[in-house]
*Asks:* 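Just passing along the structure, written as structure tokens.
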Amino acid sequence: MRALQLAEQALAAARGEDAEVVVQSEVSAFARFAASVVHQPTLIENDVVQLRLARDGRVGGAMTNRTGREALEELAARAREAVASAPADADFPGFAPPAEAPDVGGYDEETAGLSPEAGAWLAAAAIEAAQPFSLYGYFTSGLTELAVAASTGLALCHRATDAEVLALAADESASGYADRAASAVARIDPAAAAREAADKAAATRGGVQIEPGPYRAVLEPYAFAELLEYFALDSLSGLGLLDESSYFVGRLGERVFDPKISIADDALDAAGLPKAFDFEGVPKQRVELVTEGVARGVVWDRTTAARAKDGTTSTGHALEARYRRWGPQALALSVASGEAGSMDALCELVGEGIYVTRVHYLSVVSPREGIVTGMTRDGTFRIRDGRRAEPLVNLRFTVSVPDVLAEVPGLTRKRSLVSRAQWYDERFAFGYTVPGIATARFSITGNGSAPGL
Amino acid sequence: MRDLCRTAVDAALAAGAQYADARAVVQRSQQISTKNRRVETVNDAESEGIGVRVLVGGAWGFACSRRLDAAGARDAAQRGAAFARAAPGNHARALAPLEARSGTYRTPVERDPFAVPLADKIGLCLRAEEAAQHPGVKVTTAAARAFRQHKHLVTSEGVECEHEVVECGAGVDAIASGDGRHQVRSYPSAFGGSSAQAGWEYVEALGLEREAPRIAEEAAALLRADACPSSMTTLVVDSEQMALQVHESVGHPTELDRVYGTEAAYAGTSFLSPSDLTSLRYGSPLMHVTADSTTPGGLGTFAFDDEGVPARREPIVADGVLVAFLTSRETAEQIGRGAGGSMRAETWNRMPLVRMTNLHLEPGAGTLDDLLADVDEGVYVQNNRSWSIDDKRLNFQFGTQIAWEIRKGALGRMLRDAVYTGMTPQFWGSLDAVGGPETWTMYGLTNCGKGQPGQSAHVSHGAPVARFRNVQVGVKP
């Protein structure tokens, strides 16, 4: 694979020093549309090489997207200056040893060969299906290679594809949302996503306010996944334990959630957006985080595992080196399914409450307590007599995620892959596989704008 | 690089484009972060390439190449044009007129940050952390950054301009933890500190070592502080949090592309409509907000934006009334007013979007003490900790790192976990005092997200302290 060849060339430029090279290659296309017209079509091709050197516990790195021999020599020179400048870290664990990466799939020939024009046609199919609503969103597909090589003999490469359609159907007084993502374009149906968004939008007209306070609630997978993401930032990370910013501090082994809740991180799941290894070249593994409501563990990278000083090892969750200060992250959360046959069945379990399709602009208010605030959008409804009822305006919620998960009347049998990629920097597709969820506790703290543009 | 841009524009026109622009970018950045007195990150990154935007049959196309050679430039232009032809929808895009011009801009720099040894930058971070050591503090972090972007822009309408922008920034944090609580204090601002378009002299002048003991003491004290009570009360906001308030509740809603819905699927839209221009009361008559892409030191300062529109200073809200939007040439033409001037792309492989430049709340008169003097009961908040606002930029909730109660015109006990919430026009309507120039400080942030694929813009906001009446404070569940 080309990325691995490039990584090995960069490694050679390090001339025998302790070195690690990460290469990210991307060929991608975005057909981003608004009001049913493509307005930000973007074609990207790039190769980024990150070289880190280590000497006696000192570590420094450099990056480039120039890939000629001279450029790689200059890259090595800048990395040498960086490593020479850095004080030693007694806990530096060294670069990862050679490893076999699991064969996780995640590559699809058709997606790899999808032309930008074909992507535009799939966007057009979604736009057509959303009528009478205008459609906002995008169709994107990409081919990526991630290679990690090190002077330890490590040499791994994973070629992957991904495709996603994001569909927001809206007019001045209505809006609905749907999203589909997969590693193979054949597994997503842009028109179906657009129809789901349009059907949802049609039901949102005339949203009314409600009195702030505690409610029972049903969250669609879109909303549940994003809520979990913000909780996971601190609470499911080894760094959160070390810094004491995780809700799991002092709670591992204890019951923290409803027994219906089991959460793992599973990048090996071929039905998701699988990954073979992390950005340190540590093979991915399934990590049990919560089992039947009991906190079992968090995810680690090599740096945080070494600093734990208790024999902890990396679980294969390192981010890119430049973002590693955020700690290891669970980027393939997988929540066990429940028994409910549908979202409507969850409404029956809730009886009286609110129904949330999607959430927006979340922010962590208190990481240690797992408190998150945000807004609902694109499909918020009242639940009355066990059925989805009148539409509501967008609602502000401020919730303790542990509280939301403390009493769970049910989860759906069906789980959905919810993309969490925001497509900043180098392309890295990832998402969570989650069911819909009913909760007995969801705190609404204010009313916002009505649905629609 | 200029010749490459010309090559790309020529290739785009040959491929049928009615308009084309090309940006060739070479950039370098250094990022240093330390934590608990050891180095977390020392990275020196470079990136280069050319991005070509074309208008074919009224439809946009954009493609890029990391190869800064004629073949890469031509290839990007041709792929962009082909993609534009395939774009679905009824396209009828027009651009506001723009005079052909050329020019150059370079950030005034006293000390080139890339001439400062990495060891010195690391040393600065470690000294700041050392100064933040405190028995009650569990974690200390410090960060410094340097950035240089050299950019050429050539358009098919005769614009040719060159920019060399230099930025520097730094910050220090102290985090206390205990009894199930987690409290953070930052200087000069949260989430990596503050940046400016300047040389290393900006970082040296911040005085991280000087301020670190104070924030460490405050972080530790917050563990013992009372929680901010919930009430409708008078709120006095420091300049750093005001900068974020301006960013989220004035900057984003006045981006005209959001008003027209093009960010609906991600960042959201706006509670404003085009017809609100010159008529909507945004806030009290004390509210004056200015977009100024000429502010010395601002991260949004340039000679020309990424469409070649000259920089300018322009009121956005005057006497509390909306008087202008942030625009591109396309949205300016749509609304029939202005010429654009806010189009910015993160780098060579992203399309320009309507972005804030430097957006300031203009100062009024008086010191912090003057603003406090008229408060019988209230809360004074400092430094952002959490932020959330709805998709129309109406309902917001912001949390701050630290607060003090105000009683009879003076600061009282320290309060933790302060949060305030409101609706944008009502909140700004409750503005009843704006601090003077001596309280006005400019902050630069580098993580303003927008677009799909995502782009992080570098923007600055200057703001004084300000006072608001009847604000809902404290909404923790």
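Naming: A, B, ... by sequence-line order, numbering from 1 per chain. Just so you know, these numbers use all the heavy atoms, side chains as well, and skip hydrogens, waters and symmetry mates.
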*Asks:* How many angstroms lie between OH in A:Tyr323 and OG1 in B:Thr41, if you round to the nearest 0.5 Å?
*Replies:*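 Spacing of OH (A:Tyr323) from OG1 (B:Thr41) equals 11.0 Å.
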*Asks:* Do B:Ser65 and A:Glu45 have side-chain atoms, one donor and one acceptor, less than 3.5 Å apart?
*Replies:*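 Side-chain D/A pair, B:Ser65 to A:Glu45: absent.
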*Asks:* Looking at B:Gln183, B:Lys450, B:Glu346, which one has more heavy-atom pairs under 4.5 Å with chain A than the rest?
*Replies:*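 Looking at each option in turn, the highest pair count goes to B:Lys450.
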*Asks:* For A:Arg358, is it the side chain, the backbone, both, or neither that has a heavy atom closer than 4.5 Å to a heavy atom of chain B?
*Replies:*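 A:Arg358 touches chain B through side-chain heavy atoms alone.
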*Asks:* Between A:Glu81 and B:Lys121, does a salt bridge (charged side-chain N to carboxylate O under 4.0 Å, His left out) hold up when you go through it step by step?
*Replies:* CA-CA 13 Å; A:Glu81 184 192 344; B:Lys121 293 166 181 154; over 6 Å; no
*Asks:* For the side chain of B:Lys392 and the backbone of A:Gly448, is there at least one donor-acceptor N/O pair under 3.5 Å apart?
*Replies:*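 Judged by distance alone, no pair lies under 3.5 Å.
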*Asks:* So, do A:Asp91 and B:Arg38 sit near enough that their side-chain heavy atoms are less than 4.5 Å apart?
*Replies:*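 A side-chain contact exists here, since the closest heavy-atom pair is under 4.5 Å.
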*Asks:* Can you tell me which residue among A:Asp47, A:Asn65, A:Thr64 is in a side-chain hydrogen bond (donor to acceptor under 3.5 Å, both in side chains) with B:Arg66?
*Replies:*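 Looking at A:Asp47, A:Asn65, A:Thr64, the match for B:Arg66 under the side-chain hydrogen bond (donor to acceptor under 3.5 Å, both in side chains) is A:Asp47.
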*Asks:* Please test B:Trp387 against A:Tyr361 for side chain to side chain contact (heavy atoms under 4.5 Å, CB included), starting from the C-alpha separation and ending with a verdict.
*Replies:* CA-CA 8 Å; B:Trp387 68 102; A:Tyr361 216 126; 3.0 Å; yes
*Asks:* I would like to know whether B:Arg181 and A:Glu369 meet salt bridge (charged side-chain N to carboxylate O under 4.0 Å, His left out); could you show each step before the answer?
*Replies:* CA-CA 8 Å; B:Arg181 292 180 188 150; A:Glu369 298 162 282; over 6 Å; no
*Asks:* Is chain A contacted by the side chain of B:Ser386, its backbone, both, or neither, given a heavy-atom distance below 4.5 Å?
*Replies:*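 It is both, since atoms from each part get that close.
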*Asks:* Given heavy-atom pairs under 4.5 angstrom as the criterion, report whether the side chain, backbone, both or neither of B:Ala267 touches chain A.
*Replies:*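 For B:Ala267, backbone heavy atoms alone lie under 4.5 Å from chain A.
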*Asks:* Applying salt bridge (charged side-chain N to carboxylate O under 4.0 Å, His left out) to A:Arg78 and B:Glu46, what does each step give before you reach the verdict?
*Replies:* CA-CA 10 Å; A:Arg78 287 190 291 118; B:Glu46 62 175 18; 3.5 Å; yes
*Asks:* To the nearest 0.5 Å, what is the distance between CZ (B:Phe83) and OG (A:Ser115)?
*Replies:*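 If I round to the nearest 0.5 Å, the distance is 9.0 Å.
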*Asks:* Whether B:Arg85 and A:Glu117 form a salt bridge (side-chain N of Lys/Arg under 4.0 Å from carboxylate O of Asp/Glu) is what I want to check.
*Replies:*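 Salt bridge: no.
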*Asks:* Quick check on B:Gln455 against chain A: is it the side chain, the backbone, both or neither that has a heavy atom closer than 4.5 Å?
*Replies:*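 Just the backbone, heavy atoms under 4.5 Å.
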*Asks:* So what's closer than 4.5 Å to chain A heavy atoms on B:Ser456: side chain, backbone, both or neither?
*Replies:*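 Backbone plus side chain of B:Ser456, per the 4.5 Å heavy-atom cut-off to chain A.
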*Asks:* Counting only non-hydrogen atoms closer than 4.5 Å, does A:Ile44 touch chain B with its backbone (N, CA, C, O), its side chain (CB onward), both, or neither?
*Replies:*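 The answer is both parts of A:Ile44.
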*Asks:* So which part of A:Ser175 gets closer than 4.5 Å to some heavy atom of chain B, the side chain, the backbone, both or neither?
*Replies:*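 Neither; nothing under 4.5 Å.
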*Asks:* With rounding to the nearest 0.5 Å, note down the distance linking CG in B:Asp390 to NE2 in A:His360.
*Replies:*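 These two atoms lie 6.5 Å from each other.
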*Asks:* Please look at A:Arg325 and chain B and tell me whether the side chain, the backbone, both or neither of the residue comes under 4.5 angstrom of a heavy atom of that chain.
*Replies:*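 A:Arg325 touches chain B through backbone and side-chain heavy atoms alike.
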*Asks:* Which answer fits A:Thr42, side chain, backbone, both or neither, if we ask what part of it has an atom under 4.5 Å from a heavy atom of chain B?
*Replies:*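 Both backbone and side chain.
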*Asks:* Ignoring hydrogens and angles, tell me if any N or O in the side chain of A:Arg396 forms a donor-acceptor pair with the backbone of B:Ser388 under 3.5 Å.
*Replies:*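 Judged by distance alone, yes, a pair lies under 3.5 Å.
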*Asks:* When you compare the side chain of A:Ser366 with that of B:His182, does any pair of heavy atoms fall below 4.5 Å?
*Replies:*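 A side-chain contact is absent here, since even the closest heavy-atom pair is not under 4.5 Å.
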*Asks:* Go through B:Asp120, B:Val139, B:Ile122, B:Thr262 and name the one with the most non-hydrogen pairs under 4.5 angstrom from chain A.
*Replies:*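 The answer is B:Thr262.
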*Asks:* Going by side-chain hydrogen bond (donor to acceptor under 3.5 Å, both in side chains), B:Asn43 matches just one of A:Arg52, A:Arg322, A:Gln50, A:Glu320. Which one?
*Replies:*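 That would be A:Gln50.
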*Asks:* Determine, step by step, whether B:Trp348 and A:Asn46 satisfy the side chain to side chain contact (heavy atoms under 4.5 Å, CB included) criterion, reporting the C-alpha distance in whole Å, the side-chain angles of both residues, the deciding distance to 0.1 Å, and the verdict.
*Replies:* CA-CA 11 Å; B:Trp348 58 273; A:Asn46 202 11; 3.5 Å; yes
*Asks:* Using the salt bridge (charged side-chain N to carboxylate O under 4.0 Å, His left out) rule, take A:Glu244 and B:Lys138 through it: C-alpha gap first, then chi angles, then the decisive distance, then the call.
*Replies:* CA-CA 8 Å; A:Glu244 298 183 2; B:Lys138 166 80 178 171; 3.5 Å; yes
*Asks:* Can you measure from CG (B:Asp391) to CG (A:Asp378) and round to the nearest 0.5 angstrom?
*Replies:*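 The CG atom of B:Asp391 sits 6.5 Å away from the CG atom of A:Asp378.
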*Asks:* Let me confirm one number: the OG-CD1 distance from A:Ser363 to B:Ile389, rounded to the nearest 0.5 Å.
*Replies:*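 Spacing of OG (A:Ser363) from CD1 (B:Ile389) equals 12.0 Å.
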*Asks:* What's the verdict on side chain to side chain contact (heavy atoms under 4.5 Å, CB included) for A:Arg66 and B:Leu68, showing C-alpha distance, side-chain angles and the deciding distance?
*Replies:* CA-CA 10 Å; A:Arg66 296 186 299 131; B:Leu68 275 182; over 6 Å; no
*Asks:* Please assess A:Val59 against B:Val42 for the test side chain to side chain contact (heavy atoms under 4.5 Å, CB included), listing each intermediate value before the final yes or no.
*Replies:* CA-CA 7 Å; A:Val59 184; B:Val42 183; over 6 Å; no
*Asks:* Between B:Asp44 (side chain only) and A:Ala82 (backbone N and O only), is there a donor and an acceptor less than 3.5 Å apart?
*Replies:*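 A pair under 3.5 Å: no.
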*Asks:* At a 4.5 Å cut-off on heavy atoms, which part of B:Gln401 comes close to chain A: side chain, backbone, both, or neither?
*Replies:*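 B:Gln401 has no heavy atom closer than 4.5 Å to chain A.
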*Asks:* Taking heavy atoms only and a threshold strictly under 4.5 Å, list by residue number the residues of residues 29-36 of chain B that touch chain A; give 'none' if the list is empty.
*Replies:*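 Result: B:Gln31, B:Ser33, B:Lys35.
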